[in-house]
Amino acid sequence: MKRFYTLAVIAWLAMSAAAQTMTVWQGNVSYVYPVEALSQMTYQNDATAASSLMVLEKAFYTDAIDSITVNPAGTLASEYVEVAYSGDEARVVVPGTIASNLTVSVSGADVSIVAAETLADEYTYRLTGSSTNGSFSQQGSYKLTLILDDLSLTSTTGAAISIQNGKRIAVQLPSGTTTTLADASNGAQKACFFIKGHAEFSGAGTLNLVGNTKHAYASNEYTILGKDFGTINVTSAVTDGLHVDQYYQMNGGTVNIAGTGGDGIDVAVTSDATDELNGQVLLLGGSVTVNTGAVEDVKGIKSEADFTISGATVNVQGTGDGVKGIRVEGNLYVNGASTSVTVYEAGTTYHAKQADQSKTHGIKVTGDFTFDGGTISSKAPGEKAKACEVDGTYYYISGEIDCGVSASAIG
């Protein structure tokens, strides 16, 4: 027989203004409800099933509830989903107003949150703390904001952070903070920090990335760095530093990439995308420094379509054979008085005298190259290497360019 009991909550408000929130505690997850949002709770006692307590459309099995507390005055429900890491454990605080839309799982310091399709509003997740044995994954179907607030997170199972919902993902790095992420070695993940969706970065903080299995960072759709963005440092990656599908646009900030086994920045065409920027790199501000070291046959920065540099400072270098400092599989546009491009590739030919040989180039363009302002210096002093090579037409309008030959002789 089922028995239902209604627990009145309105009386708490009349008793004292001190009763501002009610928290339901379940292991390392707590659900915080503003009391003014509660009218009643329903307790179901069923002899054939586990008893449950219904709070704002979320059913809590009573045998899984550790406690229910009423919090004192001045304690307000957070507007964020808060995830705090500490050593081998993580604690999650969920606003009760969206609790029925989230399935939260915590195992040690590995946190997984799945948002139901019924969550049709943007929500914010704030990650803090430190763990050398933790991770964060989120799945859903609606856009969200992710705040990385002085987070230090190393995963031993997969990606440090994996967001998979295919919508706009706003990543915020608060000013003055430093977040460091590293993934597990020999895993199945695509990157240390992976975003399935449209990634938009903002905030003046610093993000340090280590990719122990594949890429340091990857997104399957565009990635944009805002005008006032801070810094991304890729200190190590088995393959690419930044691997972006659709397009990569940098409006400001600083990106430093070194220690990669693949390309520094690799931007690929997405087959199902119709955006006119598909496959493009757009460096419209800020500073990019890529050092591929002695790794052979890689690219410092690669686009599978057009490449635009306007108002940015770009510095690419390496010593490996067969390296392309900047590889453009489309047209290259460089303009703007403040634009500065410096490329130095010291290698020679990769697999010389073999069918798959690859010669070193400072700048390699398969389409046309239009230069209208700024400065370019590209050097490739190695045997049979080329500082600049353009398969299409080179259009010089203005600016200073040094490719080891006169500007009119490029190609």
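Numbers for residues simply follow the sequence, beginning at 1. Since this is a predicted model, take the numbers as computed values, not measurements.
- A donor-acceptor pair under 3.5 Å is absent between the side-chain atoms of Lys324 and the main chain of Ile301, judged by distance alone.
- In this structure, Thr366 and Arg327 have side chains that are in contact, with non-hydrogen atoms separated by less than 4.5 Å.
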Go through Thr348 and Asp321 one step at a time and tell me if the side-chain hydrogen bond (donor to acceptor under 3.5 Å, both in side chains) criterion holds.
-> CA-CA 5 Å; Thr348 59; Asp321 294 336; 3.2 Å; yes
List the steps, then state whether side-chain contact (heavy atoms from CB on, under 4.5 Å) holds for Val104 with Gln26.
-> CA-CA 11 Å; Val104 182; Gln26 287 188 315; over 6 Å; no
Given the rule in the side-chain contact (heavy atoms from CB on, under 4.5 Å) test, do Val334 and Ile401 qualify, once you have shown the distances and angles that lead to the verdict?
-> CA-CA 11 Å; Val334 178; Ile401 185 165; over 6 Å; no
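- Tyr80 contributes no side-chain N or O that, together with a main-chain N or O of Val94, makes up a donor-acceptor pair within less than 3.5 Å.
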Kindly determine whether Asn101 and Thr118 satisfy side-chain hydrogen bond (donor to acceptor under 3.5 Å, both in side chains), including the steps that lead there.
-> CA-CA 6 Å; Asn101 296 293; Thr118 51; 2.5 Å; yes
Do Thr128 and Asp149 pass the side-chain hydrogen bond (donor to acceptor under 3.5 Å, both in side chains) test, and can you show the C-alpha distance, the side-chain angles, and the key distance before you say yes or no?
-> CA-CA 5 Å; Thr128 64; Asp149 193 350; over 6 Å; no
Go through the steps to decide whether Thr177 and Leu148 satisfy the test side-chain contact (heavy atoms from CB on, under 4.5 Å), and finish with yes or no.
-> CA-CA 8 Å; Thr177 66; Leu148 305 180; over 6 Å; no
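- The minimum heavy-atom distance linking Gly158 with Asp183 is given by the pair O-CB, 3.2 Å.
- Within the 6.0 Å centre-distance limit, the rings of Phe201 and Tyr217 are counted as a close aromatic pair.
- Side chain of Ser52 to main chain of Phe60: no donor-acceptor pair is present (N/O by atom type, distance under 3.5 Å, no hydrogens or angles).
- Under the 4.5 Å side-chain criterion, counting only non-hydrogen atoms from C-beta, Gln172 is in contact with Ser202.
- Judged purely by atom type and a 3.5 angstrom limit, Thr42 has no side-chain atom pairing as donor or acceptor with the backbone of Met54.
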List the steps, then state whether side-chain contact (heavy atoms from CB on, under 4.5 Å) holds for Tyr43 with Thr62.
-> CA-CA 9 Å; Tyr43 171 71; Thr62 55; 3.6 Å; yes
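- Rounded to the nearest 0.5 angstrom, Phe136 CZ and Ser155 OG are separated by 13.0 Å.
- Remark: Asp228 pairs with no residue by the side chain to side chain contact (heavy atoms under 4.5 Å, CB included) rule, at least two apart or across chains.
- No more than 12 heavy atoms of other residues, nucleotides or ligands sit less than 6.0 Å from atom NZ of Lys167.
- With rounding to the nearest 0.5 angstrom, the SG atom of Cys388 is 11.5 Å from the NZ atom of Lys364.
- The CD atom of Glu200 lies 9.5 Å from the CD atom of Gln249; values are rounded to the nearest 0.5 Å.
- When side chains are defined from C-beta on, Phe193 does not count as touching Leu153, because their heavy atoms never get closer than 4.5 Å.
- Across every non-hydrogen atom of Val343 and Gly325, the tightest pair is CG1-CA, 4.0 Å.
- A distance of 9.0 Å separates CG in Asn331 from OH in Tyr395, rounded to the nearest 0.5 Å.
- For the residue pair Thr349 / Glu383, no side-chain donor-acceptor distance below 3.5 Å is found, with atom types taken as modelled.
- Between the side chains of Ser398 and Asp372, at least one donor-acceptor pair of N or O atoms lies under 3.5 Å.
- Considering all non-hydrogen atoms of both residues, Gly261 and Val295 come closest at O-CG1, 3.6 Å.
- Contact detail for Asn165 and Tyr142: the closest heavy-atom pair is ND2-O, 2.6 Å.
- Residues Leu173 and Thr231 share a closest heavy-atom pair of CD1-O, 4.4 Å.
- Side-chain atoms of Ile161 and Leu146, non-hydrogen and from C-beta on, do get closer than 4.5 Å to each other.
- Relative to the ring axis of Phe194, Lys196 does not place its NZ or CZ within 45° and under 6.0 Å from the centre.
- Here the side chain of Ser378 pairs a donor or acceptor atom with the backbone of Ala387 at under 3.5 angstrom.
- Using a 4.5 Å heavy-atom threshold, the side chains of Val365 and Tyr394 count as separate.
- Between the side chain of Asp66 and the backbone N or O of Gly27, at least one donor-acceptor pair lies under 3.5 Å.
- Crowding of Asp275 atom CG: a count of heavy atoms from other residues, nucleotides or ligands under 6.0 Å exceeding 12.
- The closest side-chain donor-acceptor pair between Ser162 and Gln164 falls under 3.5 angstrom.
- Atom CD of Glu117 sits in a sparse spot, with 12 or fewer heavy atoms from other residues, nucleotides or ligands closer than 6.0 Å.
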In a table with atom names and distances, give each donor-acceptor pair under 3.5 Å that connects a side chain of residues 233-246 to protein atoms at least two apart or in another chain.
residue: Asn233; atom: OD1; partner: Asn256; partner atom: ND2; Å: 2.9
residue: Asn233; atom: ND2; partner: Asn208; partner atom: OD1; Å: 3.0
residue: Thr239; atom: OG1; partner: Lys214; partner atom: O; Å: 3.1
residue: Thr239; atom: OG1; partner: His215; partner atom: N; Å: 3.2
residue: Thr239; atom: OG1; partner: His215; partner atom: ND1; Å: 2.8
residue: Asp240; atom: OD1; partner: Asp263; partner atom: N; Å: 2.8
residue: Asp240; atom: OD2; partner: His243; partner atom: ND1; Å: 2.8
residue: Gln246; atom: OE1; partner: Tyr222; partner atom: N; Å: 3.2

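- For Ser131 against Ala109, the heavy-atom pair with the smallest separation is OG-CB, 3.5 Å.
- Remark: the Thr342 side chain and the Asn315 side chain contain no N/O donor-acceptor pair separated by less than 3.5 Å.
- Under the 3.5 Å distance criterion, the side-chain polar atoms of Gln189 are matched with a main-chain donor or acceptor of Ala184.
- Between Ile326 and Val341, some side-chain heavy-atom pair lies under the 4.5 Å cut-off.
- Within the 3.5 Å criterion, the main-chain N or O of Gly399 finds a donor-acceptor partner in the side chain of Tyr396.
- Atom-to-atom distance recorded for Ile363:CD1 and Glu389:CD is 12.0 Å, nearest 0.5 angstrom.
- For the pair Tyr125 and Leu144, the minimum side-chain heavy-atom distance is below 4.5 Å.
- To the nearest 0.5 Å, atom CG of residue Leu102 and atom NZ of residue Lys58 are 8.0 Å apart.
- A distance-only check finds no donor-acceptor pair linking the side chain of Gln354 to the backbone of Tyr350 [under 3.5 Å].
- Tyr85 places a side-chain N or O within donor-acceptor distance of the main-chain N or O of Ser135, the cut-off being under 3.5 Å.
- Using modelled atom types, one finds a donor on one side chain and an acceptor on the other under 3.5 Å when comparing Thr156 with Asn133.
- In this structure, Thr270 has no side chain to side chain donor-acceptor pair (under 3.5 Å) partners at least two apart in sequence or on a different chain.
- A side-chain contact (heavy atoms from CB on, under 4.5 Å) with Val288 is found for exactly one of Ile309, Ile265, Ile232, namely Ile265.
- Around the CD atom of Glu400, the shell of radius 6.0 Å holds no more than 12 heavy atoms that belong to other residues, nucleotides or ligands.
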